[in-house]
Protein chains: 2
Amino acid sequence: MTHPARKPRPEEETPQPKKLSRIQVRNRRKIMNAALEVFSSHGYRGATLDQIATEAGLSKPNILYYFEGKEAIHVELLNALMFNWLAPLHKMGPGGDPMTEVLTYVRRKMEMSRQYPRESRLFANEVLQGAPRMGPHLETGLKPLFDEKCAVLADWMAQGKLAKTDPGQLLMSIWAVTQHYADFDAQVNVLIADADAGWKAANSHVDLMFRKLLTP
Amino acid sequence: MTHPARKPRPEEETPQPKKLSRIQVRNRRKIMNAALEVFSSHGYRGATLDQIATEAGLSKPNILYYFEGKEAIHVELLNALMFNWLAPLHKMGPGGDPMTEVLTYVRRKMEMSRQYPRESRLFANEVLQGAPRMGPHLETGLKPLFDEKCAVLADWMAQGKLAKTDPGQLLMSIWAVTQHYADFDAQVNVLIADADAGWKAANSHVDLMFRKLLTP
DNA sequence: GTCTGAGTTTACCAAATGGTAAAAAAGGCA
DNA sequence: TGCCTTTTTTACCATTTGGTAAACTCAGAC
């Protein structure tokens, strides 16, 4: 069989039974993990299958037994991480105090930047270069969520619960500031001597910044 | 002669007479321009000498007549652009109203993002991947300037001219927000329908954000 | 046990890519 | 014009890299 990897993949349009063997689950996870490491630190073109294979502890042809090719790995990685990456934004919504909701979102984004900097850099790399393998995701995944949350924010502002400002710009500035700490880590580390103290300062700073901006 | 490019380059430690012929000036400029275009949109490893050569309207060996290699082009590009990129920060200093000084800096950074998005993405690409070819520049170029301006900001805050906040965090958040519009252009364009209106909104938003943050 | 298919490895290949040698062409100047 | 230097092109090369073929190994069902 030339490409047996076709068969065991259930999550396509045809609802094939999900017969992922233990070995497949384990190795696919290993590959995803290695790919995240390599793609996030070198970008798509800078990453090589050999690097991913070494990082995963597998051979290159073995990698290609599980995935159709380099691009397929990258795309699947983006797909798999997109949901988790947007989870904090999903959680922000009516049902709580507006200011608390927004500041909680900001804090969660900061935690994501600290705990999952590779994910942040993966997306940053991709978007920086024009999002060539993520175009559809931006349109169908991010855009609707963005619009929905803009509406929520606009509503809060109309009710006088938050100071009036452009909701879209607000969201983008939250992303910019919070993800900066992960994406520009190399620069931050040069400028801020004590990483731990710097992180605490960063948290206070972004909290203060958005609190002041949104206090009516 | 194997590498005649050694001779006509004056800006090394030895202060050789700068005998750059018209042709050299013109072609080196063409190459720098092309390299900026290609490196900024594909990253270092994603860029190829062939792409740069095509973009510059020269042949690949001809490129290598003027520069020692791919890496030399990249490094020289970073060197050449660093100064201009930091110019707005140099201008921010005592001698004006503190709030105006900071907000002017913010506005200038926004203008840079709009007018020179390639420069922004070039640096972003480099830093994202750990600044492997820019380490010294961060230490010797950026760090001192950063510390100097932090001191200026701290002084203004101590005088009560600006609200107290961490000066370093302030500077980094200014960079994050302003450069975001250039670096994440592909994403911004998906989320914001009208680019022109979006740009105006962005300018108002960042002005308001930092004004509120810094108002004592 | 043994037989079948899933999983892995060895040995490759073709294209892309950074770089070089050397000849040819183009300037520039007496 | 003739002569020397600078610039450009043509024809290569070695390495890297994504990917494949086919042999081989191993796990589990019977």
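A quick note: this is a predicted structure, and the numbers were derived from the prediction, not measured. The sequence lines fix the lettering, A, B, ..., with proteins before strands; numbering per chain opens at 1.
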Inset, instruction - Return no unless some side-chain N or O of B/Gln24 is found under 4.0 Å from OP1 or OP2 of D/dT6. - result: no
Just the table, please: protein N/O against nucleotides 14-18 of chain C N/O, every pair under 3.5 Å.
residue, atom, partner, partner atom, Å
C/dT17, OP1, A/Arg45, NH2, 2.9
C/dG18, OP1, B/Ala47, O, 3.3
C/dG18, OP1, B/Lys70, NZ, 3.0
C/dG18, OP2, B/Leu49, N, 2.8
C/dG18, N7, B/Lys60, NZ, 3.0

Inset, instruction - Return the minimal non-hydrogen interatomic distance between B/Ile73 and B/Leu49, and the atom names on each side. - result: CD1-CD2, 4.1 Å
Inset, instruction - Identify the residue among B/Leu64, B/Asn62, B/Ile63 that makes a side chain to side chain contact (heavy atoms under 4.5 Å, CB included) with B/Tyr66. - result: B/Asn62
Legend entry - Summary of protein contacts for nucleotides 22-30 of chain C, nucleotide by nucleotide, where a base hit scores B, a sugar-phosphate-only hit scores S (4.0 Å, heavy atoms): ------S--
Inset, instruction - Please check the phosphate of C/dG7 (OP1 and OP2 only) for any side-chain N or O of A/Asn62 closer than 4.0 Å. - result: no
Inset, instruction - For C/dT8, take OP1 and OP2 only and decide whether either is under 4.0 Å from a side-chain N or O of A/Tyr66. - result: yes
Legend entry - Short N-O contact, B/Asp50 and B/Lys60, less than 4.0 angstrom: yes
Legend entry - Salt-bridge present (B/Arg28, B/Glu76; N to O < 4.0 Å): yes
Inset, instruction - State whether B/Ser59 places a side-chain N or O below 4.0 Å from either non-bridging phosphate oxygen (OP1 or OP2) of D/dT8. - result: no
Inset, instruction - Kindly say if B/Tyr65 contacts the phosphate of D/dT7, meaning a side-chain N or O under 4.0 Å from OP1 or OP2. - result: yes
Inset, instruction - Respond yes when some side-chain nitrogen or oxygen of A/Asn27 is under 4.0 Å from OP1 or OP2 of C/dA6, and no when none is. - result: no
Legend entry - Closest approach of A/Tyr44 to A/Lys70 (non-hydrogen atoms, all atoms of both residues): O-NZ, 3.0 Å
Inset, instruction - Report, as yes or no, whether the 6.0 Å neighbourhood of atom CZ on B/Arg29 holds more than 12 heavy atoms from other residues, nucleotides or ligands. - result: no
Inset, instruction - Let me know the distance between NE2 of B/His74 and P of C/dG19, rounded to the nearest Å. - result: 13 Å
Legend entry - For the student: nearest non-hydrogen atoms of A/Ser120 and A/Gln179, plus distance: OG-CB, 3.8 Å
Inset, instruction - May I ask you to test the B/Leu89-B/Leu171 pair for a side-chain heavy-atom distance under 4.5 Å? - result: yes
Inset, instruction - Please state how far atom CD1 in A/Ile31 lies from atom C1' in C/dG7, giving the value in whole angstrom units. - result: 12 Å
Legend entry - salt_bridge(A/Lys200, A/Asp196) N-O dist < 4.0 Å: no
Inset, instruction - Rounded off to whole Å, could you give me the CZ-to-P distance for the A/Phe67 and D/dT20 pair? - result: 15 Å
